[in-house]
Amino acid sequence: HSAVPVTIKPNLPCQWRWLNGTQLACNLAAKDAFKPASAYTITIHAGFKGQNGAIIARTLTQKFSTVRVRAELGDHFGRWLSPTRPSYRVSFNYPVTATQVAKYIAFQTHGKQTAIGLLAPEEYELPEGFKPKPTTPFTAYPPLTSWRVAPLKELSPDAFTQVVLLPGFTTAGGTLPSSQAGALGETYTFPNFRYLGVRCVPEDIENQNEWVEHNVTNPKPAECSPTREVNARFSAPLSGKLQGQIALTFNNKKWPETYTDDTNKIEHYGSLKRGQTFGITLPNGLMADQAFKLTLAPTLSDVFGRTLGK
């Protein structure tokens with residue numbers, strides 16, 4: 001097999017083997033494998049004789065490359081570190097270093113780029129046997145196929161932001177940059193925490209599946225069907241600590257409170273859409289033709305701990 005007149009550049013120690021009468025394979029030891037994201041040239045020299053006796057009269061050359069590095073998010077939204085700091089888990093088809101990720105992944109908001117910070121990977125994302133200490137710098141980590149990233153600083157509230165792959169990304173051992181560049185994922189950041197108004201089905205509407213938003217700035221009271229649920233809407237999810245924070249009254253009488261603390265956590269929420277709102281259902285069984293007043297305590301908070309204030 002050493003006499004096979006076929007060469008590959010950069011040099012590879014191929015052990016040539018015929019698979020059949022028309023296919024010749026280059027067998028390589030694991031340590032000699034093709035490098036990722038690299039260009040190669042294979043040359044079949046004149047005089048090559050096939051198993052059927054046919055001879056190639058002139059030298060043939062073919063260029064090819066191994067697969068370049070690619071990044072994707074899939075459904076890997078991480079969690080919200082704050083109202084304006086989303087985090088993501090970015091996966092790669094090759095192991096890549098922390099330095100490469102920090103250089104070629106960024107957040108982009110209003111056309112401006114914000115550098116990323118890396119978050120500690122989960123234990124299952126680490127190679128077997130590698131047990132870093134809390135003080136171990138990410139530059140001392142081995143290349144990984146997934147990294148958790150977040151903006152290095154707070155982004156603007158209520159802003160469209162994208163996590164992007166910058167041009168030129170290469171992988172360890174490779175020389176060819178990724179052919180991929182651009183947005184990997186997107187979200188809006190949370191706006192300031194505020195009460196927005198009531199969402200309900202009007203009593204006089206024919207289509208009882210048509211919900212109507214009543215903005216808090218509208219001086220006209222919302223007219224809601226007592227047979228359908230009524231939602232109080234907010235710009236962010238509530239913390240779940242609701243006892244004593246929400247009061248519903250009519251004729252100066254307090255409606256029986258049915259709110260209980262729950263375990264609402266920001267980990268339950270993913271990427272945010274534009275204008276997305278969050279609500280809590282007011283008590284059922286409201287009487288018809290009654291004027292109700294909703295009072296919210298200034299200490300009512302969202303999942304980030306932000307309060308309504310006065």
Side-chain angles (χ1 to χ4, degrees), residues 71-91 98 101-123 125 132 134-139 141 144 146-166 183-197 216 232-242 245-246 261-280 296-310:
E72 64 176 13
L73 295 184
D75 58 353
H76 300 316
F77 185 92
R79 60 188 178 91
W80 289 94
L81 306 181
S82 76
T84 58
R85 285 189 71 206
S87 69
Y88 289 89
R89 177 173 174 256
V90 185
S91 299
V101 175
K103 183 177 181 181
Y104 290 105
I105 301 288
F107 280 82
Q108 187 167 284
T109 308
H110 300 312
K112 296 181 180 179
Q113 289 180 3
T114 299
I116 64 158
L118 296 176
L119 307 177
E122 299 291 342
E123 186 175 349
E125 297 172 310
T135 56
T136 302
F138 291 122
T139 51
Y141 278 54
L144 303 177
S146 67
W147 287 92
R148 298 176 184 269
V149 303
L152 202 55
K153 62 180 182 179
E154 300 288 344
L155 304 176
S156 301
D158 197 19
F160 179 69
T161 185
Q162 295 176 310
V163 56
V164 297
L165 179 68
L166 304 178
L184 300 175
E186 59 189 40
T187 184
Y188 272 81
T189 55
F190 281 92
N192 296 327
F193 181 48
R194 64 187 187 276
Y195 170 63
L196 302 175
V216 70
R233 309 300 296 178
F234 299 85
S235 61
L238 299 183
S239 67
K241 298 178 180 179
L242 303 177
Q245 302 294 305
I246 301 175
D261 292 353
D262 58 28
T263 56
N264 199 17
K265 296 180 180 179
I266 192 55
E267 286 85 349
H268 300 164
Y269 298 92
S271 57
L272 193 66
K273 295 181 174 61
R274 183 179 187 181
Q276 185 173 344
T277 64
F278 303 83
I280 181 172
L296 306 174
T299 52
L300 180 66
S301 63
D302 67 3
V303 287
F304 300 105
R306 301 179 297 174
T307 59
L308 282 179
K310 296 182 179 180

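Residue numbers run from 1 in the order of the sequence given.
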Nearest heavy-atom approach of Ala98 to Leu118 is CB-CD1, 3.5 Å

For Ala102, the side-chain contact (heavy atoms from CB on, under 4.5 Å) test, sequence neighbours excluded, returns none

Discussion item. With side-chain contact (heavy atoms from CB on, under 4.5 Å) as the criterion, how do Val101 and Leu144 come out once you've worked through the C-alpha distance, each side chain's angles and the decisive distance to 0.1 Å?
Written reply: CA-CA 10 Å; Val101 175; Leu144 303 177; over 6 Å; no

**Item:** Validation row: Trp147, Ile116 side chains within 4.5 angstrom (heavy atoms)
**Value:** no

| query | Phe138 and Leu119: side-chain contact (heavy atoms from CB on, under 4.5 Å), yes or no, with the steps? | reply | CA-CA 9 Å; Phe138 291 122; Leu119 307 177; 5.7 Å; no

Smallest heavy-atom separation, Leu165 atom then Ala71 atom, equals CD2-CB, 4.4 Å

So that I know where these two stand, are Tyr188 and Phe160 an aromatic pair - ring centroids less than 6.0 Å apart?
yes

In a table with atom names and distances, give each donor-acceptor pair under 3.5 Å that connects a side chain of residues 148-158 to protein atoms at least two apart or in another chain.
{"from": "Arg148", "atom 1": "NE", "to": "Glu125", "atom 2": "OE1", "distance (Å)": "3.1"}
{"from": "Arg148", "atom 1": "NH2", "to": "Tyr124", "atom 2": "OH", "distance (Å)": "3.4"}
{"from": "Arg148", "atom 1": "NH2", "to": "Glu125", "atom 2": "OE2", "distance (Å)": "3.3"}
{"from": "Glu154", "atom 1": "OE1", "to": "Ser82", "atom 2": "OG", "distance (Å)": "2.7"}
{"from": "Glu154", "atom 1": "OE1", "to": "Thr84", "atom 2": "OG1", "distance (Å)": "2.4"}
{"from": "Glu154", "atom 1": "OE2", "to": "Ser82", "atom 2": "OG", "distance (Å)": "3.2"}

By side chain to side chain donor-acceptor pair (under 3.5 Å), Thr307 pairs with (sequence neighbours left out) none

Thr299 meets the side chain to side chain donor-acceptor pair (under 3.5 Å) criterion, sequence neighbours left out, with Gln245

- Task: Would you mind reporting whether Pro298 and Leu308 have side-chain heavy atoms less than 4.5 Å apart?
- Result: no

Residues passing the side chain to side chain donor-acceptor pair (under 3.5 Å) test with Ser301, sequence neighbours excluded, are Ser239

query = In terms of heavy-atom contacts, does CD of Glu122 have more than 12 from other residues, nucleotides or ligands at under 6.0 Å?
reply = yes

Review point. Does the side-chain contact (heavy atoms from CB on, under 4.5 Å) test come out yes or no for Ile246 and Ile280, once each step is laid out?
Key: CA-CA 10 Å; Ile246 301 175; Ile280 181 172; 4.0 Å; yes

Across all chains, not counting sequence neighbours, the side-chain contact (heavy atoms from CB on, under 4.5 Å) partners of Thr135 are Lys133

Between Ala232 and Tyr195, the two heavy atoms sitting closest are CB-CE1, 4.0 Å

By side-chain contact (heavy atoms from CB on, under 4.5 Å), Pro137 pairs with (sequence neighbours left out) Thr139, Ala140

Those residues at least two apart in sequence (or on a different chain) that pass salt bridge (charged side-chain N to carboxylate O under 4.0 Å, His left out) with Arg79 are none

For residues 298-307, the salt bridge (charged side-chain N to carboxylate O under 4.0 Å, His left out) pairs (sequence neighbours left out) are Asp302-Arg306

Review point. Is any side-chain heavy atom of Leu184 closer than 4.5 Å to a side-chain heavy atom of Val164?
Key: no

Q | Trp80 and Phe304 aromatic ring geometry - parallel, tilted or perpendicular at 30°/60° bounds | A | perpendicular

Would you sort out whether Phe278 and Phe190 count as a side-chain contact (heavy atoms from CB on, under 4.5 Å), showing the intermediate values?
CA-CA 11 Å; Phe278 303 83; Phe190 281 92; 3.7 Å; yes

Give the table of side-chain donor-acceptor pairs shorter than 3.5 Å for residues 103-112, with sequence neighbours excluded, one pair per line with atom names and distance.
{"from": "Tyr104", "atom 1": "OH", "to": "Gly168", "atom 2": "O", "distance (Å)": "3.2"}
{"from": "Thr109", "atom 1": "OG1", "to": "Thr161", "atom 2": "OG1", "distance (Å)": "2.9"}

message = Within the 4.5 Å heavy-atom criterion, are Glu186 and Val163 side-chain neighbours or not?
response = no

ask   = Counting distance only, does the side-chain N/O of Ser91 pair as donor-acceptor with the main-chain N or O of Leu73 below 3.5 Å?
value = no

Check whether the ring centres of Tyr269 and Phe77 lie less than 6.0 Å apart, and answer yes or no.
no

